[in-house]
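Down below is the structure, laid out as structure tokens.
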Amino acid sequence: MKIAFFLALASLGLATNPAMATPLTVDGDLSDWGITVIDGGNTSAGGSNYSGLRTDLIGSMIEDSNDTAGDGGYLGPHYGGQNYDAEFMGWAVQGGQFHVAILTGQRPDSGVNRYSPGDLRIETSLGTFGIEVGGGVGGGAGTALHEGDAGSTYNLNSNGYTNTSNPLLATNAAQVAGSIWSGTDWINDAVTNTVPLQMKINSSSINHGLADYIYTRNDPNSAQHSVIEMSFNTSIFNGATIYGMYWLPSCGNDELKIEQHYSVPEPAPLALLGIGLLGLGLTRVRRRG
Ligand SMILES: [Ca+2]
Ligand SMILES: [Ca+2]
Ligand SMILES: [Ca+2]
Ligand SMILES: [Ca+2]
């Protein structure tokens, strides 16, 4: 009892210590990232506020160029309107977990003859990893996609649209939203055919686990925003260097990228285990001598 009380006091002390970073939470709300998401209406433009963006991120990219409702307008680098604006991507490490957030006008269920969301691509010294974002034609039920919901791998026409004459490619049932893979096939964007857009697992792909994951929906008739937020254990990339993270809608008109190198530290318990095994090895050598 006394120990439990002491631990409770200690954790209370940690929680109230101002030096501790505000915890990041996978909930579809980006206030924990320091972003105030401001939606527009049918005719009024929105315009999110990034001035309070937290300063402890490993990397981030902001390119929020058009908050007027609809498909028309200039995004920079290309045209597409708020419905496809890729606006913000951020990446942080907290408590042994990677956190990634994306802010976009791209709904998960944009439907046929429209553009659809790509998957998250992570380039590392151990190769290319992909995290299934879900969405596409249909896009699933509910107000948001969560980890374990159906994934999708869709065909595109030459404009980058998903449409009824180009049905979904067969997506392996294991490729659920939030699932993390290496050794997958990547399908390039349909317009320039140069940027890997979405992944498709094959018989030799490796599943590295399931992220805590959410992809919110918005109102398709106004200038609103969808949020993709996820968290997964850094041990997936144990000892690797991460080179960059990439996400784009299927039109390829707008791309978010964070090309920040980050060496993933080995988790402390494994490092201790390594020292322990080394110790055993030395003992054995000594006994032989
Ligand atoms: Ca959040
Ligand atoms: Ca925008
Ligand atoms: Ca943009
Ligand atoms: Ca996908």
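As the structure lists them, so they are numbered: ligands from 1, and atoms in each ligand from 1. If you read the sequence from its start, that first residue is 1, and numbering goes on from there. Bear in mind that the values here come from a model prediction, so they are computed numbers and not experimental data.
- Between T25 and D27, the side chains place no donor N or O within less than 3.5 Å of an acceptor N or O (distance only, hydrogens not considered).
- Between the Ca ion (ligand 3) and the N, O or S atoms of D254, the shortest distance is to OD2.
- A donor-acceptor pair under 3.5 Å links the side-chain atoms of D85 to the main chain of S65, judged by distance alone.
- The aromatic ring centres of Y213 and H146 sit 6.0 Å or more apart.
- If you look at E229 and ask which of its N, O or S atoms sits nearest the Ca ion (ligand 1), the answer is OE2.
- Of all protein N/O/S atoms, those lying under 3.0 Å from the Ca ion (ligand 4) come to 5.
- Within the coordination shell of the Ca ion (ligand 3), defined by N, O or S atoms under 3.0 Å, E87 is absent.
- Because the distance cut-off is set at 3.0 Å, T25 qualifies as a neighbour of the Ca ion (ligand 1) through one of its N, O or S atoms.
- Ring orientation note: the planes of W91 and F98 are tilted relative to one another, at an angle of 30° to 60°.
- Here the Ca ion (ligand 3) is the vertex; the O atom in A86 and the O atom in E63 give an angle of 80° (to 10°).
- The name of the N, O or S atom in D85 nearest to the Ca ion (ligand 3) is OD1.
- Between L210 and F232 the shortest side-chain heavy-atom distance does not fall below 4.5 Å.
- Remark: D71 pairs with R114 by the salt bridge (charged side-chain N to carboxylate O under 4.0 Å, His left out) rule, at least two apart or across chains.
- Proximity of a side-chain donor or acceptor of S152 to a complementary backbone N or O of Y154 within less than 3.5 Å is not detected.
- Contact annotation: the side chain of R54 approaches that of L24 to within less than 4.5 Å [non-hydrogen atoms, C-beta and beyond].
- Closest N/O/S atom of D27 to the Ca ion (ligand 1): OD1.
- The aromatic rings of Y243 and H261 are tilted relative to each other, their planes meeting at an angle between 30° and 60°.
- The Ca ion (ligand 1) sits nearest to atom O when only the N, O or S atoms of D29 are considered.
- Of the candidates T104, I38, L30, D39, H225 forms a side-chain contact (heavy atoms from CB on, under 4.5 Å) with just one, namely D39.
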